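Single-structure report; data block below.
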Amino acid sequence: MSRFFHLLNLIFILYILNIPPSENVDRNNFKTCEQSAFCRRQRKYKPDISPYEVDLRSMKTIRSGHLQFILHNTLKSPIKFQLDIFTLEHNSLRVKINEKNPIRKRYEVEHALVGEPKLVDVKLTNLDGKQVEGSFSKSAKFLLNAKPFRLDLFTNGIFVMSVNSKNMFNFEHYRTKPGTNESTGENNTEDNEDGMWEETFKTHQDSKPYGPSSIGVDVNFLNFENVYGIPEHADAFSLRSTHDTDPYRLFNLDIFEYDIQNPMALYGSVPYMLAHNEHATVGFFWLNAAEGWIDVNNDKLTVQGFFSTIASFFSTKPTADKNEVPQVSTHWMFESGIFDGFFFLGPTPRDIFKQYSVITGSVPLPPLWAIAYHQCRWNYNDEDDVRSVLNGFEKNVIPLDVIWLDIEHTHGKRYFTWDTQKFPNPEKLQDDIARYGRKLVTISDPHIKKDDAYQVYADAKALGYFVKTKDGADYEGSCWPGASMWLDYFNPDIFQWYSQRYSLENYKGSTGNLFIWNDMNEPSVFNGPEVTFPKDIIHYGGWEDRDVHNLYGMLQHMSTFQGLYNRSNGHIRPFILTRSFFAGSQRTAAVWTGDNAAQWSYLKIATPMLLSLSVTGFGFSGADVGGFFSNPDAKLLVRWYQAAAFQPFYREHAHIDTARREPWLFGPDNTRLIRKAIEQRYNYLPYWYTLFYKQEKQGIPPMLPLWANFPKDKNVFKTEDLFMVGNGLLVCPITEADTNQVSIYFPGENTIWYDTRTLIQYNGSETVLINVDMESIPVFQQGGVIIPKRLRRRRSSMLALHDPITLVVALDRNHEAKGELYMDDGYTYDYKHKRQMIYRRFIFRNNELHSKTLDFTGKFETDAWIERILIFGYPKNPKKVIINSGDKQAIPLHHYHAESQMLTIRRPGPLVASDWTLTIT
Amino acid sequence: MYIPSKPFTCLDGSLTIPYEFVNDDYCDCKDGTDEPGTSACPNGRFFCENKGYVGSLIPSHFVGDGVCDCCDGSDEYETKTVCNNTCFELAQKTQAEREAQRVLHEAGVAKKKEIISKSIAIKSERQTHIDELERDLQSVENELKEKEELKRQAEIPENQAKEKHQKLWDEQRAVRETIIRNYQIRDMFADLDTNGDSLVSIDELQKHTELDLDNENEFTIEEVRTILGSDSVTLDEFNTTVFDQISNSYKRLPKPTTPIPEPTLDSIATPSSSVETSTDEKNMESHDETPIATSLEHEKHIHDDTPPEFDDETKQLIAIADQTRTEFDQVQGKVLDIKRQIEDLKKQVNIDVGVQGEYSAFIDQCFDYEEREYTYRVCMFKDAKQIPKGGGGDVAIGFWDAWTGPIENKYLRMKYVNGATCWNGPARSLTVTFRCGIEHKIIDVREPSRCEYAMIFETPSACDEKMAVTSSHSTHTEF
């Protein structure tokens with residue numbers, strides 16, 4: 001009775017507070033910095049003077065662009081460190097610090113880099129025995145200070161970063177356990193701090209057989225006030241000070257019902273941070289796959305002592321009275337591995353995107369259908385269900401490219417199998433789906449059900465392919481299928497073997513129209529510490545999970561990619577979606593922000609989360625439309641469809657406990673609004689596809705923070721409620737219920753912005769209140785940019801492949817504009833291997849619009865033509881429009897709408913692939 | 001509409017364009033009517049001639065997309081896509097399907113007619129039955145009134161005799177209880193007066209710590225004095241002021257004397273003012289059963305507490321009254337039974353079983369569907385359940401709500417709502433969709449959305465007379 005009463009009470013309290021009982025993450029399941037022993041030790045390490053010194057006399061030039069030094073900890077004289085400096089192309093510097101003679105080899109991250117970075121010559125000066133100064137690449141310079149160890153970085157002569165200027169560099173060398181036979185005399189109480197040799201969290205014990213091994217370092221961004229990146233966190237885009245919170249944590253975890261606005265770890269980790277101000281954009285990437293924590297603090301640097309000697313290098317001169325400049329000081333702490341830092345010296349946002357992508361790779365051009373609209377649900381129950389959903393899209397005239405099957409489609413969560421009662425004929429189903437150029441994505445998680453009758457398990461078991469416990473047994477944990485084991489992808493044989501599971505012979509029921517979703521790959525282990533692997537389990541090469549944890553998910557999806565690539569003998573571009581990721585994951589998979597919730601706050605946080613991913617290499621990312629957990633009301637769902645139509649990965653997804661929410665289930669008005677939002681996405685697909693091509697080439701993500709296009713506009717350095725698609729579209733997602741007005745700051749001096757719906761013009765550097773209704777998706781085209789669109793309706797993107805193009809030319813104040821269009825077959829590698837592609841530039845200048853090729857070697861057969869040219873901001877009704885293409889000339893009709901200043905050119909007609917000039921007189 | 005050499009006006013009248021602009025692969029009209037043969041207009045319509053089959057309008061965005069949508073392939077004439085002409089096969093297939101449907105509906109409608117005619121008979125039967133029952137009810141209700149009067153009359157002398165008997169018994173018992181109480185007082189006083197000075201003093205009472213009701217500390221002199229009211233009391237004073245205070249808690253100190261069982265002290269000490277009713281038989285029984293009586297005296301007392309038997313005269317009066325009561329109860333039972341039958345019948349009559357009563361055969365019927373994990377059971381117009389095969393309790397997936405079919409025929413769908421609530425979800429519900437079949441049979445049960453079940457049910461009741469008609473006439477016009 002009394003229990004019942006309490007329960008009632010609780011329900012009542014939850015009811016009046018309007019807290020759904022299951023909406024909040026149970027934070028007790030996850031460590032705080034205080035509960036993670038190495039973080040506790042490192043975070044409090046703040047000596048007045050750094051004991052680390054560089055022995056400059058030890059300098060060796062290993063080869064051109066590679067210098068080597070010995071680094072000492074003066075408090076522990078026998079321990080020597082090796083400091084390697086690599087000067088790299090593209091204004092980049094790599095610095096490695098490792099133990100010189102460790103008693104156990106320290107882990108150096110594999111798989112993340114795209115290849116061996118290219119060295120460039122360094123010009124050394126200032127060899128006065130106290131410092132070494134090196135100039136390299138275009139405009140980069142480092143200054144290595146010997147006593148104490150400090151590294152300063154300069155770009156274009158501006159002092160931008162400093163390492164160990166706060167004396168927090170602290171490298172825990174491997175040591176023998178105090179009290180053991182091998183332990184030497186150097187042991188003291190310092191080596192036996194609580195948590196150094198074992199650590200217990202909840203009921204889980206981490207045996208820590210190798211003892212403490214963490215590394216901490218401070219990296220300080222001089223004259224910057226904003227830093228970004230280090231995903232994945234459900235937090236602000238411009239990283240917040242962690243002075244009063246835990247540090248940002250990097251440790252791949254499956255956080256059930258994650259909270260927003262906090263620095264807790266999430267599914268993926270990229271230890272890469274950018275800093276931007278009006279003078280420069282720089283980046284710091286620490287290649288380390290262990291558990292990491294990063295403190296961020298906005299403070300002031302007092303320019304005195306050493307710093308006064310280089311004050312002239314500051315981009316902003318210190319104020320005369322205070323002698324202070326702002327800085328963002330960051331403190332990075334990793335549990336093991338080595339210090340392997342990359343410093344990207346920009347100085348422009350474009351340079352930074354290029355520099356990071358040169359090191360870790362860029363997102364390869366996805367198949368066209370992958371950037372169109374995806375329909376997902378946990379779960380589409382059976383073949384009839386899938387067909388009826390597809391029919392719903394036909395009936396309601398909504399385009400669709402991909403339908404997804406979650407875990408219930410398998411035979412008892414045995415991946416690579418089908419529940420044959422529900423899916424008796426999966427090949428036929430895929431053929432039917434493919435009739436309209438559509439694809440199927442099935443899920444394939446890394447946990448392998450422990451069941452001898454399951455071939456994948458039985459084979460892997462027999463081959464000894466599972467991750468091992470510290471005692472050498474196969475590690476067993478639980479996940480969706482119950483008792484499960486996990487493949488050790490770190491072993492190249494296992495990587496290869498797993499990739500072969502995706503062959504059409506091995507994956508029965510799969511066809512070339514099936515692609516893959518790797519979920520739960522942090523990995524999620526329901527009964528593991530913090531819902532993941534214990535840190536002392538062993539991977540290939542004898543490495544503990546402690547050393548490699550954040551790589552596990554990436555290894556899985558890399559192997560999956562390999563499998564799909566091999567399936568077509570390298571002819572067809574794979575598509576893989578992954579939840580867990582690391583630096584480099586972008587080369588083989590798209591990511592999504594995991595299990596969000598159907599709340600306005602989660603719609604809002606999607607923008608900063610996706611921006612953080614974008615600037616750290618993940619240009620192909622998205623958030624579940626509608627929110628994964630619980631049920632969105634119609635307004636939230638519509639707004640989410642509208643916002644995500646302009647975000648890179650566009651997928652609706654919902655939890656199994658939610659009500660159905662296919663686009664037509666919320667009444668005709670909402671169906672129409674959702675259809676319009678999805679159609680917007682399809683209209684802009686030629687533009688998106690072009691942006692994705694540029695991303696592959698240049699590393700520039702399609703979705704961008706405003707500062708990437710307006711680096712000098714200080715008003716946008718913290719902006720996270722607006723974003724850009726390329727340099728052409730400014731998007732203001734509406735993320736609050738019942739909004740009828742939004743306040744928008746238009747960036748850039750002297751820019752013009754055209755409301756794509758009303759054609760109303762707005763001036764840059766102005767804040768404007770704009771009225772909105774449920775129809776509105778506030779999207780503005782920048783004057784000066786030409787955007788290719790397809791305005792015809794089709795059932796899928798692949799059915800529109802050869803449809804004609806509409807060019808939208810938005811003029812700037814000089815009546816000029818330019819833009820690009822990329823086209824290919826949308827799904828094969830022929831664009832690379834056979835140069836079957838079209839890449840064109842459009843330039844509008846002096847009343848002439850030119851189409852020129854940007855790639856003379858490219859050739860793609862298509863009868864796609866230019867059906868319409870819309871010119872925004874054209875001042876008057878012209879007399880005549882003439883188009884010349886080769887020896888042909890035509891005089892297309894035009895129509896001028898004076899009020900909106902839009903000139904429409906009807907049916908200009910040239911093939912997209914041809915050169916032509918349009919002259920307006 | 002489309003006359004070459006004449007300017008073309010969009011069908012919505014919004015624009016007039018030169019005829020060359022018709023089907024020139026550029027959309028001029030807002031209503032899409034200038035491009036009936038291309039995909040240029042997003043809202044246009046393309047006409048598939050489909051010779052040999054039925055001509056049809058398809059959305060113009062199906063034109064030239066590489067997918068054959070018209071059976072004559074006319075939507076892809078302008079593309080490289082090769083479409084086989086499937087109109088003939090389609091016509092044959094459609095014809096065969098239509099014929100199969102017709103045969104099915106024909107057979108179904110025959111059964112449906114049986115159900116309807118039965119329904120009429122059953123309905124009138126039910127009404128006749130209701131009328132009969134209502135007549136019965138009238139007469140039985142009259143009888144009930146008579147029986148009630150007889151009962152009332154017999155109970156008057158019965159109650160008088162019983163009251164008399166009770167009064168006598170009460171008096172006897174009061175006398176006896178006074179005696180017992182006095183005995184106990186003397187006994188307790190003697191027990192307490194350990195020094196035999198005919199006074200119970202503070203130190204004598206203080207030994208009885210069980211009387212310390214606050215239990216917190218010692219049994220202090222003050223507390224004892226509060227009970228005694230003075231330093232010592234005589235037997236009389238003990239009787240008037242002390243005994244009632246302590247009799248409930250009092251225990252004899254360990255002595256070779258048989259203790260007085262407490263529970264009985266209670267009942268004995270109760271002043272006789274609490275009138276024991278004549279229906280005290282149960283109490284007496286429970287006293288008998290209580291295994292606490294340990295002394296002979298006490299047993300004697302219990303036996304003495306049994307009221308004496310009624311005298312013969314009273315007994316006879318009771319027997320007469322009992323007889324009238326039994327007869328009354330019997331008639332009252334009959335009334336309730338008839339009322340319930342009428343209510344049930346009326347409920348059945350009032351169930352909406354279709355325009356012609358075609359669903360009347362469902363009344364009081366349940367149907368099962370066996371699936372891998374569950375049996376689904378729908379009891380028509382009542383409730384629906386999911387019964388797990390591997391054991392465990394049934395789950396209510398809904399209670400009868402309403403017919404929810406489309407406006408043309410609401411009897412094609414029914415709904416059961418407010419079933420057991422799902423964790424994190426809504427209350428379960430079931431939608432049953434009916435389609436024509438020869439037998440009443442559940443074809444499929446699914447859960448398309450969490451806790452929203454959908455059942456497909458075949459029944460002759462859903463067969464359509466119009467579909468059963470031989471449609472040779474209409475075939476000619478359509479093909």
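Hydrogens, waters and symmetry mates play no part in the numbers below; they use all other heavy atoms, side chains included. Given the structure is predicted, the values throughout are model-derived calculations rather than measurements. Here is how names work: the chains are called A, B, and so on, in the same order as the sequence lines, proteins then strands, and each is numbered from 1.
- Checking side-chain atoms of A/Arg660 against main-chain N and O of B/Pro448 turns up a donor-acceptor pair under 3.5 Å.
- Within the cation-pi definition used here (under 6.0 Å to the ring centroid, within 45° of the axis), A/Arg906 qualifies as a partner of B/Phe21.
- Contacts between A/Gln421 and chain B at a heavy-atom distance below 4.5 Å involve the side chain alone, from C-beta outward.
- A heavy-atom distance below 4.5 Å is found between the side chains of A/Arg792 and B/Asp25.
- Among the candidates A/Asp385, A/Val397, A/Asp419, the residue making the largest number of heavy-atom pairs closer than 4.5 Å to chain B is A/Asp419.
- For A/Trp378, no part lies under 4.5 angstrom from a heavy atom of chain B.
- Using a 3.5 Å distance cut-off with no hydrogens or angles, the side chains of B/Ser39 and A/Arg794 do pair a donor with an acceptor.
- Counting heavy atoms from C-beta outward, A/His802 and B/Lys80 have side chains that stay 4.5 Å or more apart.
- A/Tyr436 has its side chain out of reach of B/Asp65: every pair of non-hydrogen atoms, C-beta onward, lies at least 4.5 Å apart.
- Annotation for B/Tyr26 and A/Arg907: closest pair CE1-N, 3.6 Å, computed over non-hydrogen atoms.
- With a threshold of 4.5 angstrom between heavy atoms, A/Asp382 approaches chain B through side-chain atoms but not through N, CA, C or O.
- When the shell of 6.0 Å around CD of B/Glu78 is examined, it contains 12 or fewer heavy atoms from other residues, nucleotides or ligands.
- Residue A/Thr806: no heavy atom, backbone or side chain, is found under 4.5 Å from chain B.
- Within a 6.0 Å radius of CZ in A/Arg672, other residues, nucleotides and ligands contribute more than 12 heavy atoms.
- Summarising the local packing, OH of A/Tyr827 is surrounded by 12 or fewer heavy atoms from other residues, nucleotides or ligands at distances under 6.0 Å.
- Looking only at side-chain heavy atoms (C-beta outward), B/Val67 and A/Arg435 come within less than 4.5 Å of each other.
- Atom CD of A/Glu861 is surrounded by 12 or fewer heavy atoms from other residues, nucleotides or ligands within 6.0 Å.
- Comparing B/Ser60, B/Gly64, B/Cys27 by heavy-atom pairs within less than 4.5 Å of chain A, the highest count is held by B/Gly64.
- Residue-environment remark: OH (B/Tyr77) exceeds the threshold of 12 foreign heavy atoms within 6.0 Å.
- Contacts of A/Leu801 with chain B are absent, with no heavy-atom separation under 4.5 Å from either backbone or side chain.
- Using a 4.5 Å cut-off on side-chain heavy atoms (C-beta onward), B/Arg450 and A/Asn631 make no contact.
- For B/Cys41, no part lies near chain A; criterion is any non-hydrogen pair under 4.5 Å.
- With hydrogens and angles ignored, the 3.5 Å screen pairs a side-chain donor or acceptor of A/Arg793 with a backbone N or O of B/Pro42.
- No more than 12 heavy atoms of other residues, nucleotides or ligands shown are found within 6.0 angstrom of NZ on B/Lys441.
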